[in-house]
Amino acid sequence: MDTQRELYADGIGEITLAGGMVRMSLVSLVGSRREGEQPRFENRERIIMPPDGFLRSFSAMEDLVKQLINAGLVKPRENDGTVNAIPGPARNETAKPPKSPNF
């Protein structure tokens with residue numbers, strides 16, 4: 001049985017083009033050990049690939065975003081074309097803003 005190495009990241013911290021290669025730093029959220037200090041992102045790994053590999057990856061990610069939108073797991077923002085995750089367990093329902101007792 002073949003095993004593949006799995007790597008978890010909370011996101012991409014930085015993407016740069018250096019030396020003709022695309023470099024993406026993967027980050028993870030780490031908690032603070034000090035009282036009152038906020039959790040922060042910390043670099044964990046780096047992916048380095050040629051520009052054509054990055055473009056193929058970007059295209060695959062765009063296709064996945066479309067699938068996530070169609071499944072109701074994320075919704076597009078109206079202003080800039082990016083997406084927001086829909087919070088909560090009932091993701092297929094229309095998200096309603098919380099009601100404030102002040103209004």
Side-chain angles (χ1 to χ4, degrees):
M1 181 170 157
D2 291 335
T3 59
Q4 292 183 341
R5 182 173 176 235
E6 292 184 6
L7 177 67
Y8 175 83
D10 287 305
I12 297 173
E14 183 178 16
I15 301 176
T16 59
L17 179 66
M21 301 294 269
V22 176
R23 300 166 190 270
M24 296 184 289
S25 297
L26 301 178
V27 296
S28 291
L29 188 62
V30 294
S32 171
R33 295 187 177 143
R34 296 184 190 151
E35 185 77 26
E37 195 173 317
Q38 295 294 319
R40 66 189 187 292
F41 286 108
E42 188 173 274
N43 289 333
R44 294 291 186 189
E45 298 279 342
R46 182 181 290 166
I47 297 173
I48 302 169
M49 64 179 74
D52 61 327
F54 173 76
L55 291 174
R56 283 192 305 275
S57 300
F58 183 76
S59 177
M61 288 182 200
E62 282 184 319
D63 291 342
L64 182 58
V65 168
K66 290 174 188 173
Q67 291 177 30
L68 292 170
I69 291 170
N70 291 337
L73 297 174
V74 297
K75 62 179 181 176
R77 290 184 193 165
E78 294 179 16
N79 295 341
D80 59 7
T82 59
V83 296
N84 284 331
I86 298 174
R91 295 183 175 181
N92 289 330
E93 297 177 9
T94 303
K96 296 178 183 174
K99 293 184 179 180
S100 170
N102 298 324
F103 298 102

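With sequence neighbours left out, N43 forms a side chain to side chain contact (heavy atoms under 4.5 Å, CB included) with S25, V27. Applying the side chain to side chain donor-acceptor pair (under 3.5 Å) criterion to R46, with sequence neighbours excluded, gives no partner residue. Checked against side chain to side chain contact (heavy atoms under 4.5 Å, CB included), E37 has the following partners two or more places apart in sequence or in another chain: S32, R34. Applying the salt bridge (Lys or Arg N to Asp or Glu O under 4.0 Å) criterion to R44, with sequence neighbours excluded, gives E42. Partners of D52 by side chain to side chain contact (heavy atoms under 4.5 Å, CB included), not counting sequence neighbours, listed by chain and number: P50, R56.
Put simply, F58 and V65 are part of two different groups of oily side chains (I, L, V, M, F, W, Y) that touch within less than 4.5 Å, one to the next. Both M49 and L26 are members of a single hydrophobic cluster when ILVMFWY side chains are connected at heavy-atom separations under 4.5 Å. Cluster membership check: L7 shares its hydrophobic cluster with F54, using side-chain heavy-atom separations under 4.5 Å among Ile, Leu, Val, Met, Phe, Trp and Tyr. A single hydrophobic cluster is seen to contain both I15 and L17, as judged by linkage of ILVMFWY side chains at heavy-atom distances under 4.5 Å, directly or through other members. Linking Ile, Leu, Val, Met, Phe, Trp and Tyr residues whenever their side-chain heavy atoms come within less than 4.5 Å places L64 and L73 in a single cluster.
Sorted by first and then second residue, the side-chain hydrogen bond (donor to acceptor under 3.5 Å, both in side chains) pairs with a member in residues 9-23 read Y8-D10; sequence neighbours excluded.
Shortest non-hydrogen contact noted between S28 and A9 is OG-CA, 4.1 Å.
Once rounded to the nearest 0.5 Å, the distance linking CG of L29 with CZ of R40 reads 9.5 Å.
Side chain of S57 to main chain of G53: a donor-acceptor pair is present (N/O by atom type, distance under 3.5 Å, no hydrogens or angles).
Within the 4.5 Å cutoff, no side-chain heavy atoms of V22 are placed close to those of I48.
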